[in-house]
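So the structure is just underneath, and the comments pick up after that.
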Amino acid sequence: MLLVFGGLMYFIIKEGEARQIQEAISVSNEAPHDLKEGFFVFKDLLMHHVESSIGILLLQIIVILITCRLFGWLFAKMQQPTVIGEIVAGIVLGPSVLGHLLPSVSAFLFPFDSLQNINMLSQFGLILFMFAIGMELNITEVRQKLKETILISHTSTIFPFFLGMVTAYFLYNKYAYESTPFLSFALFVSIALSITAFPVLARIIQEKGLTKTHLGTISLASAANGDITAWCLLAVVVAIAQAGSMLSAIYNIGFSFIYLLLMFTVIRPFLRMIGHIYHNKEVVDKGLVAFMFLLLIVSSYLTEILGLHALFGAFVAGVVMPDNIKFRKIMTEKVEDVSLALFLPLFFVSTGLRTEIGLLNSPELWYMCGIFILVAIIGKFGGSLVAARFVGETWKDSLYIGALMNTRGLMELVVLTIGYDMKILTPPIFVMLVLMTLVTTFMTTPLISFIQFCYQVFGKYKSHKVEWQQPQPGVFKVLLSFGRASNGQVMLDVAHQMFAHTKDKLEITALHLTVGSDVNPLHTDNFEEVSFGPILYGAQKLNIPLKTRYEVSNNAGQDICEIANKEGYDFLLVGAGISLSDLPNDIAANQYRTSFYDKFLRHFKAPESWFYPGELLKDKTKMFIEQSLCPVGVFVNRKFVKASNTLIVIHFAEDLFLLNYADHLKQTTGSDLTILNLMSNEAKDIDLVTQRLFEYTELQHKAIVYNGNKLTQSVLSAYNFMLISYNTWNLLSEVSNEELQKMPSTLILSK
């Protein structure tokens with residue numbers, strides 16, 4: 001078939017070439033005649049495509065995403081919100097750094113004609129983001145907390161708004177555009193100083209473990225109330241600024257009121273009905289998602305033509321989404337990942353390209369920048385502090401609330417961008433306010449730590465975390481930390497089989513940490529429900545009282561050790577992770593030791609932990625054991641069901657503490673026990689093991705002692721559970737790595 005049709009096509013081509021007109025013949029003659037000429041044609045075409053609009057845009061997106069992720073990671077390591085790093089990345093890619101140090105690179109990456117494309121994409125991304133922010137606000141909860149937070153939230157908005165108005169009065173003649181009315185300039189400066197970044201605040205509160213405390217609840221509710229007021233105020237400010245005067249803006253505000261009335265009295269009840277019907281992923285189809293996006297775009301369009309800005313419409317569309325939390329989670333999953341990961345970095349760089357710090361080229365301008373920062377801090381921090389104290393909060397909580405409410409972040413940049421695009425904020429004022437945003441957001445975490453330090457120094461501070469406790473007499477407390485939900489139930493079985501017959505009452509706390517401070521507050525309850533489902537089911541089957549604890553963390557290992565130490569736990573049980581537990585039993589470590597890896601390790605001296613799961617486990621075990629004050633067990637899950645046939649490995653005299661755990665295990669499960677004595681074949685070592693066995697009633701004449709000098713795969717494969725000490729594990733993972741691939745489910749224990 002190929003030959004026949006290929007021949008026919010060749011015939012058609014030849015006949016067609018015979019009918020070419022003269023111009024086509026001349027073009028054919030200009031075609032390259034050798035590979036060298038062909039390369040130059042390829043090079044010219046390549047540069048043409050690189051410099052095309054779509055080529056430049058895609059290259060810009062690649063550079064922006066890489067830079068933002070890098071700076072976000074660096075700032076996360078500094079215990080700062082990743083959004084600060086992304087804002088700084090935008091400034092670095094702008095004229096302030098890249099344009100100043102490498103002007104030719106900046107001109108190639110961000111030619112002036114291409115900036116409009118980035119701006120349009122970033123604006124669309126902001127619409128999606130504001131929609132997600134609106135869905136994060138639970139109007140019912142805001143209404144319930146309104147009485148407690150109305151004074152804090154509105155004082156923290158009105159007081160900085162007033163100070164901004166005063167500041168604008170003194171700056172107007174010198175720093176505003178001549179064509180800008182004072183009212184528009186003053187209103188924008190004021191609103192810029194009075195915004196609180198609810199998303200950033202929520203993530204800081206998560207990081208500090210304050211989400212379910214009185215302080216965290218009050219701060220979040222105050223920020224939510226304040227955000228609603230501030231965004232409504234911004235809509236009025238934009239309407240007045242675009243209309244030019246208060247009288248002209250009356251019509252904009254009037255029609256805006258009709259729009260809000262329609263959204264909350266017609267659209268919201270209709271969506272509430274939809275939320276009751278479509279409450280899970282199974283029934284949410286593409287048609288419904290398309291309808292929600294259509295509603296979002298229509299809402300944004302209406303507010304844009306009414307002079308309120310499209311972002312306000314997106315925010316309102318999010319607010320009126322059904323209260324059904326499952327429906328909101330589904331919609332945020334559709335929107336948030338794309339908006340946060342792709343579009344928002346474009347917005348940060350779009351802002352950074354407008355932020356030319358070099359415009360502040362005199363001491364007077366830097367002095368004015370300092371004034372803005374000072375006024376912003378006094379207005380937000382001071383206003384929130386005084387209001388919180390007035391309503392009866394303690395000085396400590398009032399200081400915390402002031403520090404938290406002073407967070408601005410992304411919301412501030414949105415306001416500044418609107419003012420800049422409307423030609424109300426001049427470039428120098430824009431730069432000053434961007435720097436103010438960075439400083440006030442960056443200072444939140446250090447300021448909270450400073451307040452905490454001050455109370456500790458003066459002996460007045462009682463942390464929200466429980467102070468270190470001595471273990472309670474008569475109670476054996478186990479902290480069980482798990483990652484994967486399915487592994488939690490298995491680890492509960494291990495804890496029950498190991499400790500159910502202790503002389504003390506057994507108390508188990510299941511701890512699950514979600515790693516990453518950028519977790520959406522909407523999703524945490526869902527994560528908690530999913531993570532604890534299997535282990536709670538297992539506790540019910542075993543008839544064990546189980547406490548659960550869920551937290552968001554940036555450093556899971558450190559936080560686990562801190563909880564175990566400060567809350568007086570008698571035993572910490574953690575999982576070994578996927579790296580070793582999920583390896584099939586018949587896979588030997590030598591599969592990793594290919595000639596390529598051996599050469600790579602030998603020539604480049606890469607750490608073994610890059611390639612060998614055993615090394616990863618050893619490092620993880622070392623961290624828990626060195627930082628925890630209580631005994632630690634690291635569990636390697638190899639399809640564990642029940643410890644019915646257990647191997648206890650003894651290599652050092654210190655390992656004999658394992659017999660205590662073996663005794664508990666024997667009482668609970670009746671497990672067959674085999675003690676593998678690897679110390680030596682000398683009589684004194686054999687007698688030492690035998691002597692210690694007689695200290696335990698359940699082990700006398702019921703444990704088989706095997707005196708050997710080597711661990712083999714045939715020995716390991718005969719058991720379904722193994723107890724081994726941390727020191728022996730370290731030794732055997734070096735000398736018997738291949739044999740350990742046949743090991744059963746294992747508990748690595750520290751003394």
Side-chain angles (χ1 to χ4, degrees), residues 57 61 65 116-139 198-199 227-228 231 234-235 238 255-256 258-348 350 410-411 414 417-418 518 520-523 526:
L57 179 61
I61 292 174
L65 292 181
Q116 188 62 28
N117 295 331
I118 295 180
N119 291 339
M120 291 299 293
L121 281 176
S122 67
Q123 289 298 313
F124 184 73
L126 280 180
I127 288 174
L128 294 177
F129 179 73
M130 290 307 299
F131 179 58
I133 294 302
M135 284 192 289
E136 282 189 17
L137 285 175
N138 190 323
I139 294 296
F198 175 78
D227 261 17
I228 292 172
W231 281 105
L234 176 64
V238 172
F255 280 107
S256 303
I258 295 172
Y259 155 79
L260 289 173
L261 200 64
L262 177 70
M263 292 295 288
F264 282 94
T265 61
V266 178
I267 302 299
R268 194 176 184 217
F270 173 68
L271 293 178
R272 187 183 295 120
M273 181 183 64
I274 289 179
H276 288 309
I277 300 172
Y278 298 93
H279 59 275
N280 59 56
K281 290 184 179 180
E282 184 180 1
V283 294
V284 174
D285 57 10
K286 291 181 180 179
L288 179 63
V289 174
F291 172 74
M292 292 301 172
F293 276 108
L294 179 62
L295 178 66
L296 163 63
I297 300 301
V298 169
S299 178
S300 301
Y301 175 71
L302 289 175
T303 53
E304 180 69 23
I305 63 175
L306 286 173
L308 304 183
H309 205 281
L311 297 181
F312 182 72
F315 177 74
V316 172
V319 170
V320 300
M321 282 292 115
D323 292 333
N324 188 309
I325 196 69
K326 292 183 179 180
F327 182 86
R328 289 198 172 204
K329 285 170 186 170
I330 295 169
M331 290 307 300
T332 51
E333 287 173 1
K334 303 283 186 184
V335 172
E336 197 173 52
D337 288 344
V338 175
S339 65
L340 288 177
L342 178 61
F343 289 116
L344 277 190
L346 300 184
F347 170 69
F348 292 133
S350 175
L410 177 60
M411 298 294 96
V414 173
T417 301
I418 293 172
D518 58 344
N520 189 316
L522 261 182
H523 296 161
N526 187 46

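FYI, side chains are in, hydrogens and waters are out, and symmetry mates aren't considered; it's all heavy atoms of this structure. The structure presented is a predicted model; accordingly, all values stated were derived computationally and were not measured. Nothing fancy with the numbering, it's 1 onward along the sequence.
You'll find the side chain of I305 reaches within 4.5 Å of the side chain of Y301, heavy atoms only. The closest side-chain heavy-atom distance from F124 to L346 is not below 4.5 Å. Taking the side chain as every heavy atom from C-beta outward, L57 and L121 approach each other to under 4.5 Å. Between L128 and F293, some side-chain heavy-atom pair lies under the 4.5 Å cut-off. Contact check for V320 versus F270: no side-chain heavy atoms found under the 4.5 Å cut-off.
Looking at S299, its side chain never comes within 3.5 Å of a backbone N or O of L296 through a donor-acceptor pair.
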task = Could you check F131 against I127 for side-chain contact (heavy atoms from CB on, under 4.5 Å), going step by step and ending with a plain yes or no?
result = CA-CA 6 Å; F131 179 58; I127 288 174; 5.8 Å; no
Margin query: Run the side-chain contact (heavy atoms from CB on, under 4.5 Å) test on F315 and T303 for me, step by step, so that the C-alpha distance in whole Å, both residues' side-chain angles and the decisive distance to 0.1 Å come before the verdict.
Written below: CA-CA 10 Å; F315 177 74; T303 53; over 6 Å; no
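When all heavy atoms of L271 and P322 are compared, the closest pair comes out as O-CG, 2.9 Å. Scanning all heavy atoms of the two residues, the minimum distance from R268 to V319 falls at NE-O, 4.3 Å. Of all non-hydrogen atoms in F264 and P269, the two that sit nearest each other are O-CD, 3.7 Å.
Atom CZ of residue F312 and atom CE of residue M130 lie 9.5 Å apart, to the nearest 0.5 angstrom. The structure places CE of M120 at 13.0 Å from CD1 of I118, a figure rounded to the nearest 0.5 Å. With rounding to the nearest 0.5 Å, the separation of CE in M321 from CD1 in I267 is 9.0 Å.
Checked against a 6.0 Å centroid threshold, the rings of F343 and F129 do not count as neighbours.
Heavy-atom contacts from other residues, nucleotides or ligands closer than 6.0 Å to CZ of F255 number 12 or fewer.
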